[in-house]
Trainee: 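Sharing a structure here in structure tokens format.
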Amino acid sequence: MNILAGLNPAQKEAVEAIKGPVLILAGPGSGKTRVITQRVAYLVKECGVSPRHIMAVTFTNKAAREMTERLNKLVSTAVKQLTMGTFHAICARILRQDGEALGIDPHFVIYDDDDQISLIKKCLQELNLDPKQNSPSAIQNKISFAKSQVIDPQEYLTRARSYFEEVVGRVYERYQQMIKENTALDFDDLLMQTVQLLKNHPKIRTQYQERYLHLLVDEFQDTNMVQYELIKLIGGKHRNICVVGDPDQSIYSWRSADLRNILGFEKDFPEAKVILLEQNYRSTKTILAIATNIIEGNKERKPKDLWTENEAGEKATIVETYNEQEEAQFVVSEVDKLVRARHFQLGDCAVMYRTNAQSRALEEAFIRYGLPYKLVAGTRFYERKEVKDIIAYLRYIQNPNDGVSLHRIINVPGRGIGQRTLSELNSLAKSLNTNESETLQMMAAGKIEKMPFNSRIAQSLASFTTMINELREKSKEVSLTELFDMVTENSGYKDFLTNDKEGEERWENILELRTVAKEYGELPPPTGLAAFLEGVTLVADVDSLDGSTDAVTLITLHQAKGLEYPAVFIVGMEEGVLPHLRSFDDPAQMEEERRLCYVGVTRAKQKVYLIRAFRRNLMGGNLVNEPSRFLKDIPKELIVTAGTIANEESIANAISSWNKTAVFEPTTEIPEFKAGDRVKHARFGEGMVVSYQTIKNDAEAVVAFNGIGVKKLLLSFAKLEKI
DNA sequence: CGAAAGGCTCTTTTT
DNA sequence: GAGCCTTTCG
């Protein structure tokens, strides 16, 4: 197969320009992913470059995986030898390999935001600073930003311009010590320390420079300073660096991503070839025109000429509904229409929103009407308490120095070890000049003469230590799944959840985590645990998005970057939501909101809906928001409107007329049930009817499904069978 | 020590 | 509305 076949001239140029630096500015839908993949294939197949010498950085693990799959089809040579992944994943690998030069223990654990906050709180406590005056999350932000600029605590302190920054500097200093004491690294450390490693150790730097002769960076507009620094360190010598990005899709400035990297690239690599990919293969002319009109509202940008040979397609539908419930209902009914009356499948549709909180109303509607959906991140799976608890057990088993995890689990489930005991333990550890974990060991071994604890607490601490030691021993022998089961069992966590009615759902989350652990079951004992822990910390929620099940996708606009769907619904097109309230007083942020909207619209291939609610519940309050300013930028001839509800007085009317015109026409007769009936549902399986009531010409049943929980279903929609 | 209740704050987006 | 913290009581 000819690798260059089917590429347009610009794409071809982008694939073939393998010598020297290249900047590819790729509009949405311009075949960017294809170009990157073909480029790697071209390097390997046509130019005889060993995959060993290629590093490809992607934005998510999912993108990396997909690229591997595509490459496997294009080239037969060991794709495994490619270095591919997110910056964080690649850096973690480098630091485990060579971090010892910086005094980094190769068995470090990775701390996420949550762990960072715990650690910062601990620092504040030690430094006698009030967490109310010095918000831990604000400090975390500052530290994170500093690290993204490769500023260490000493430098930060000399630069401090305000009292708060001085506080941050002091916390930062202690924080880094504690990170080290815990044999941990946080997300930002992964990047910063790698840069420091390569900067200060010429031998190691040369080694990496000589290995990676070709560098490829996707989503370059969303890289930050450390990341760019890293690219320059590794690729600065041979200069075969290819970066791909679209300034109009830069939406991560809050994560310190810096658009200036794109400008910087042209300055740092003046010989760079700049290639524009402007032909769009994804969307209809209408969608592209809408997107262009929206993005042209930004002042700080270079104009671009996007064009497409695709057909004009349908107009966009702009909808006003009364509130977010009705908004969700509209989405459901419209999806249903698309699926029934046209050639769309559920999986062709995606609903996008600005904030995660917006998913709730949508989810409720999808459940109510029994329409299958997949939620990319509600409360994110790996951030759930129970999931983090079990991970903390495993982390502590792997790394006895991980004090953050120890604190998390020592009294969960309750073992009578409270705040006082912990601070006693802490001072005891200090007086012994060791950490808490070691102190526990000494206590269990009876090596401590003056015990500050009463016998009941001493017993409790000792049995905790024994349990951990046992698990730690086992972790070297048994498979990860076995270890997992022992952890949930021996820790009492299983009983803790399963004895509690409310714990059932949480227990199921743990079982879900177990299936993730299973994937690492093949690996020999200690490696399986390590690989699992690393995988689990560096995942993104989109990573788990699978395309195989036919269901509507609910996703944030940020997560939607890089994806495409035939039909896209953007909800919450209101001032304060999109654009978000927080951007009102900052023009730069407002431009980012606009880009976010642009990203959303350009995900659509055929049909786009822009929906807003007249009223919306936000943070407890009920607000009336103006339509989003972005809607005003769309030419009238490109849109049709629907469902306009002018004012509150007309609501009652509107809602009743809505019900009449809605598509939820009973397809069959409404079945009758009574409480206690056993029923079956295509998606939720078997269950029992809890309650049943008729509503107008429909009926609503509340059903408790086995192993799933209680769901409210509208019977004209959800097919429920009596069994 | 832990459970329950009440009060407080902060609410964007995520590797 | 949720999560976090503090207070209070058993």
Side-chain angles (χ1 to χ4, degrees), chain A residues 57-64 85-92 110-114 116-118 121 130-132 135-138 140-141 144 147-148 185-192 219 222-224 226-227 250-257 352-361 376-385 411-422 424 453-454 456-457 460 500 534-543 555-561 572 576-584 586 589 592-593 595-597 599-600 617-622:
Chain A
V57 188
T58 57
F59 195 69
T60 61
N61 295 300
K62 182 171 176 256
T86 61
F87 274 108
H88 291 88
I90 291 174
C91 287
I110 299 168
Y111 279 176
D112 67 12
D113 297 20
D114 219 41
Q116 289 182 50
I117 297 275
S118 315
K121 280 182 185 159
D130 181 8
K132 274 181 190 149
S135 135
S137 67
Q140 191 240 342
N141 253 315
S144 174
K147 287 185 177 176
S148 81
L185 291 179
D186 67 24
F187 277 147
D188 305 304
D189 282 327
L190 293 176
L191 307 173
M192 181 176 81
E219 307 286 7
D222 285 321
T223 54
N224 62 25
V226 227
Q227 291 169 337
S250 151
I251 52 176
Y252 282 90
S253 71
W254 49 274
R255 215 170 75 186
S256 333
M352 301 177 185
Y353 36 82
R354 175 68 235 263
T355 64
N356 278 307
Q358 288 170 262
S359 69
R360 174 168 299 184
V376 178
T379 39
R380 287 193 292 283
F381 182 69
Y382 289 106
E383 277 171 28
R384 295 196 179 158
K385 224 187 225 93
N411 201 32
V412 182
R415 302 187 175 91
I417 301 164
Q419 207 49 61
R420 273 203 49 189
T421 309
L422 286 177
E424 287 288 357
F453 308 110
N454 65 40
R456 188 173 59 88
I457 288 173
S460 197
D500 179 37
E534 181 145 331
V536 135
T537 338
L538 295 177
V539 283
D541 292 289
V542 248
D543 292 344
I555 193 168
T556 65
L557 287 161
H558 281 90
Q559 293 172 320
K561 192 178 66 163
V577 180
L578 181 65
H580 194 269
L581 199 70
R582 294 272 292 237
S583 65
F584 282 174
D586 181 348
Q589 279 207 47
E592 183 147 317
E593 296 290 306
R595 291 193 290 269
L596 203 47
C597 185
V599 166
N617 284 315
L618 280 171
M619 308 167 217
N622 192 273

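We use all heavy atoms of the structure for the numbers below, so side chains are in, but hydrogens, waters and symmetry mates are not.
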Trainee: Testing A:Asp186, A:Leu185, A:Ile117 for side chain to side chain contact (heavy atoms under 4.5 Å, CB included) with A:Tyr111, which one passes?
Mentor: A:Asp186
Trainee: Once you apply a heavy-atom cut-off of 4.0 Å, does A:Asp113 come out as touching a base, just sugar-phosphate, or nothing?
Mentor: base
Trainee: Using ring-ring contact (aromatic ring centres under 6.0 Å, His included) as the criterion, list what pairs up with A:His88, not counting sequence neighbours.
Mentor: A:Phe187
Trainee: Going by side-chain contact (heavy atoms from CB on, under 4.5 Å), name the residues that satisfy it together with A:Ser256, two or more places apart in sequence or in a different chain.
Mentor: A:Phe145, A:Ser148, A:Asn224
Trainee: Give the intermediate values and the outcome of side chain to side chain contact (heavy atoms under 4.5 Å, CB included) for residues A:Ile251 and A:Leu557.
Mentor: CA-CA 9 Å; A:Ile251 52 176; A:Leu557 287 161; over 6 Å; no
Trainee: My understanding is that only residues two or more places apart in sequence, or in another chain, count here; which of them pass salt bridge (Lys or Arg N to Asp or Glu O under 4.0 Å) with A:Asp114?
Mentor: A:Lys388, A:Arg408
Trainee: Output the rounded distance in Å from CG (A:Asn617) to C1' (C:dA2).
Mentor: 15 Å
Trainee: Which sits closer to the 5' end of DNA chain B, A:Ser135 or A:Ile251, going by the nucleotide each is nearest to?
Mentor: A:Ser135
Trainee: Please figure out whether A:Arg582 or A:Phe59 has its closest DNA chain B nucleotide nearer the 5' end.
Mentor: A:Arg582
Trainee: Report yes if a side-chain nitrogen or oxygen of A:Gln559 is closer than 4.0 Å to either non-bridging phosphate oxygen (OP1 or OP2) of B:dT13; otherwise report no.
Mentor: no
Trainee: Using a cut-off of 4.0 Å on non-hydrogen atoms, how would the nucleic acid contact of A:Tyr252 be classed: base, sugar-phosphate, or nothing?
Mentor: sugar-phosphate
Trainee: What is the distance, rounded to the nearest whole Å, between atom CG of A:Asn141 and atom P of B:dT15?
Mentor: 16 Å
Trainee: Taking CD from A:Gln140 and P from B:dT11, how many angstroms apart are they, rounded to a whole number?
Mentor: 12 Å
Trainee: Select base, sugar-phosphate, or nothing to describe what A:Gln227 touches, counting heavy atoms under 4.0 Å on all strands.
Mentor: nothing
Trainee: Test side chain to side chain contact (heavy atoms under 4.5 Å, CB included) on A:Leu190 and A:Leu538; report intermediate values, then the result.
Mentor: CA-CA 11 Å; A:Leu190 293 176; A:Leu538 295 177; 4.0 Å; yes
Trainee: Could you state the atom-to-atom distance from CG of A:Asp222 to C1' of B:dT14 in whole Å?
Mentor: 11 Å
Trainee: Can you figure out which of B:dT15, B:dT14, B:dT11 approaches the side chain of A:Asn356 most closely?
Mentor: B:dT14
Trainee: May I have the distance from A:His88 (atom NE2) to B:dT15 (atom C1'), rounded to whole angstrom?
Mentor: 4 Å
Trainee: Whole-Å distance between B:dT13 P and A:Glu593 CD?
Mentor: 11 Å
Trainee: Of the nucleotides B:dT13, C:dA2, B:dT15, which has the atom closest to the A:Arg360 side chain?
Mentor: C:dA2
Trainee: Can you pull every protein N or O that's under 3.5 Å from an N or O on nucleotides 1-3 of chain B?
Mentor:
unit_1: B:dC1; atom_1: OP1; unit_2: A:Gly418; atom_2: N; d: 3.4
unit_1: B:dC1; atom_1: OP1; unit_2: A:Thr421; atom_2: N; d: 3.2
unit_1: B:dC1; atom_1: OP1; unit_2: A:Thr421; atom_2: OG1; d: 2.3
unit_1: B:dG2; atom_1: OP1; unit_2: A:Asn411; atom_2: OD1; d: 3.4
unit_1: B:dG2; atom_1: OP1; unit_2: A:Asn411; atom_2: ND2; d: 3.2
unit_1: B:dG2; atom_1: OP1; unit_2: A:Gly416; atom_2: N; d: 2.9
unit_1: B:dG2; atom_1: OP1; unit_2: A:Ile417; atom_2: N; d: 3.4

Trainee: A:Arg255: what forms a side-chain contact (heavy atoms from CB on, under 4.5 Å) with it, not counting sequence neighbours?
Mentor: A:Phe59, A:Tyr252
Trainee: Are there runs of at least three consecutive Watson-Crick or G-U pairs touching DNA chain B, with each pair's two distances under 3.5 angstrom? Give them by first number.
Mentor: B:1-10 with C:1-10
Trainee: Whole-Å distance between B:dT15 P and A:Glu534 CD?
Mentor: 15 Å
Trainee: When the P atoms of B:dT13 and C:dC4 are compared, how many Å lie between them, rounded to an integer?
Mentor: 15 Å
Trainee: With sequence neighbours excluded, what pairs up with A:Glu593 under the salt bridge (Lys or Arg N to Asp or Glu O under 4.0 Å) test?
Mentor: A:Arg354
Trainee: Look at the side chain of A:Arg415 and the backbone N and O of A:Ser460, then say whether any donor-acceptor pair between them is shorter than 3.5 Å.
Mentor: no
Trainee: Between the protein and nucleotides 4-10 of chain C, are there any N/O to N/O pairs under 3.5 Å, and if so, what are the atom names and distances?
Mentor:
unit_1: C:dC5; atom_1: OP1; unit_2: A:Lys121; atom_2: NZ; d: 3.0

Trainee: Taking side-chain contact (heavy atoms from CB on, under 4.5 Å) as the definition, give me every residue that meets it alongside A:Ala357, ordered by chain and number, with sequence neighbours left out.
Mentor: A:Thr355
Trainee: Given B:dT14, is OP1 or OP2 found less than 4.0 Å from the side-chain N or O atoms of A:Thr556?
Mentor: yes
Trainee: Among residues at least two apart in sequence or on other chains, which ones pass side-chain contact (heavy atoms from CB on, under 4.5 Å) with A:Ser253?
Mentor: A:Glu592
Trainee: Which whole-number value in Å describes the distance from A:Lys561 NZ to B:dT15 C1'?
Mentor: 11 Å
Trainee: Using salt bridge (Lys or Arg N to Asp or Glu O under 4.0 Å) as the criterion, list what pairs up with A:Asp188, not counting sequence neighbours.
Mentor: none
Trainee: Does A:Asn61 reach the main-chain N or O of A:Thr86 with its side chain, forming a donor-acceptor pair under 3.5 Å?
Mentor: no
